[in-house]
Amino acid sequence: MRVVCVLASAVILACAASVSAQELTFRSIIDKSPLDVTPKPGEVVTDAVNAFRRTGQNPYTGKADAVAQGKKLYIEYCESCHMSDGSGRMGPSLIEDYHVYEEIKTDAGLFEIVFGGGFGAMQPFSKRLSQDEILKVMAYVRTLMKP
Ligand code: HEC
């Protein structure tokens, strides 16, 4: 009996360790191939990025500082196609109920679209923004969306 208990607790500990260290796999919205989230040279993997990789939840959502930084990034990198209010021009509306990709509704899906890109003009932002910046821009995009 004792051996069984020891074994069982070892298994539980091993499971707990692997769950806490486990990172989600993010996939291309187009072909579902895994996205390479290896940081670019010099890119800092922040606590927020680490937490996001484990949970798929954007820790910056609703955080005023991050949203303010995300707004600046949005104006620089996204506004030309999606408009300042997200209503869309060359790129689709980000704020209506209808979406090109249903995945937009979850943080993990929104990250997959922005990081990995879509078709046409929606290039992958993995090359131009850090993953931390993408989380900030996502937090700002969420403030534009209708509740
Ligand atoms: C040069 C124009 C352009 C820029 C700049 C651009 N996008 Fe896009 N975006 C598009 C187009 C076009 C699509 C539609 C892609 C498709 O159909 O695969 C799109 C699609 C999207 C979608 C999916 C919308 C849906 O309905 O599912 C999201 C989210 C998005 N863009 C966010 C962003 C963010 C955030 C930025 C800035 C970091 C950005 N885009 C910059 C053109 C652009």
Side-chain angles (χ1 to χ4, degrees), residues 8-147:
S9 48
V11 168
I12 290 166
L13 280 179
C15 289
S18 70
V19 166
S20 67
Q22 187 116 35
E23 296 201 339
L24 302 171
T25 302
F26 299 99
R27 294 185 176 275
S28 157
I29 210 79
I30 294 174
D31 63 11
K32 297 291 168 197
S33 62
L35 294 170
D36 180 4
V37 293
T38 313
K40 292 190 282 293
E43 178 176 354
V44 178
V45 178
T46 57
D47 290 347
V49 169
N50 276 322
F52 173 69
R53 286 184 187 172
R54 284 196 308 273
T55 63
Q57 304 288 319
N58 185 359
Y60 288 142
T61 303
K63 299 276 175 349
D65 276 5
V67 168
Q69 291 174 51
K71 180 174 183 176
K72 288 194 189 129
L73 294 165
Y74 183 90
I75 290 169
E76 189 173 347
Y77 292 98
C78 321
E79 191 182 88
S80 55
C81 295
H82 292 285
M83 301 301 281
S84 58
D85 62 356
S87 60
R89 185 166 56 189
M90 196 216 275
S93 167
L94 302 177
I95 57 177
E96 300 297 329
D97 279 345
Y98 169 79
H99 295 295
V100 182
Y101 303 107
E102 284 299 302
E103 288 89 338
I104 196 175
K105 291 180 178 158
T106 67
D107 287 345
L110 182 55
F111 178 85
E112 290 174 328
I113 298 166
V114 180
F115 182 87
F119 283 105
M122 186 58 199
Q123 62 187 298
F125 279 88
S126 53
K127 298 191 191 75
R128 300 175 69 193
L129 295 174
S130 70
Q131 290 167 49
D132 192 72
E133 288 174 318
I134 290 177
L135 293 181
K136 286 174 177 155
V137 112
M138 285 165 50
Y140 179 66
V141 167
R142 288 277 182 241
T143 66
L144 299 175
M145 288 177 173
K146 290 176 182 160

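Residue numbers start at 1 and run along the sequence shown. Start at 1 and go down the list; that is how both ligands and their atoms are numbered. No experiment lies behind these values; they were computed from the predicted model shown.
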Nearest to atom 26 (O) of ligand 1, what protein heavy atom do you find, and at what distance?
V100 N, 2.7 Å
Give a yes or no on whether D47 atom CG has more than 12 heavy-atom contacts from other residues, nucleotides or ligands under 6.0 Å away.
no
Against L110, only a single residue in E103, R142, K105 fulfils side chain to side chain contact (heavy atoms under 4.5 Å, CB included); can you say which?
R142
Applying a heavy-atom cut-off of 4.0 Å, say which part of L110 lies close to ligand 1: side chain, backbone, both or neither.
side chain
Rounded to the nearest 0.5 Å, how far apart are OG1 of T25 and CZ of R53?
11.0 Å
Start with the C-alpha distance between F26 and F115, add both sets of side-chain angles, then the distance that settles ring-ring contact (aromatic ring centres under 6.0 Å, His included), and finish with yes or no.
CA-CA 9 Å; F26 299 99; F115 182 87; 8.2 Å; no
Please list every donor-acceptor pair under 3.5 Å in which a side-chain atom of residues 64-77 meets a protein atom from a residue at least two apart or in another chain.
from, atom 1, to, atom 2, distance (Å)
Q69, OE1, K136, NZ, 3.0
Y74, OH, M83, O, 2.7

List the steps, then state whether side-chain hydrogen bond (donor to acceptor under 3.5 Å, both in side chains) holds for D132 with S130.
CA-CA 5 Å; D132 192 72; S130 70; 5.2 Å; no
Tell me whether the count of non-hydrogen atoms from other residues, nucleotides or ligands lying under 6.0 Å of NZ in K32 goes above 12.
yes
Just need the protein heavy atom nearest to atom 12 (C) of ligand 1, so name the residue and atom and give the distance.
M90 O, 3.7 Å
Hey, could you give me the CD/CG distance between E112 and L35, rounded to the nearest 0.5 Å?
6.0 Å
Evaluating non-hydrogen atoms only, which member of F111, F119, F125 is closest to atom 15 (C) of ligand 1?
F119
What is the closest protein heavy atom to atom 27 (O) of ligand 1, and at what distance does it sit?
Y101 N, 2.8 Å
Ligand 1 to Y77, heavy atom cutoff 4.0 Å, flagged ligand atoms 5 (C), 37 (C), 41 (C)
Using the side chain to side chain contact (heavy atoms under 4.5 Å, CB included) rule, pick out the option among I104, I134, V141 that qualifies with V114.
I134
Shell of protein N/O/S atoms around atom 8 (Fe) of ligand 1, taken as anything under 2.8 Å
H82 NE2, M122 SD
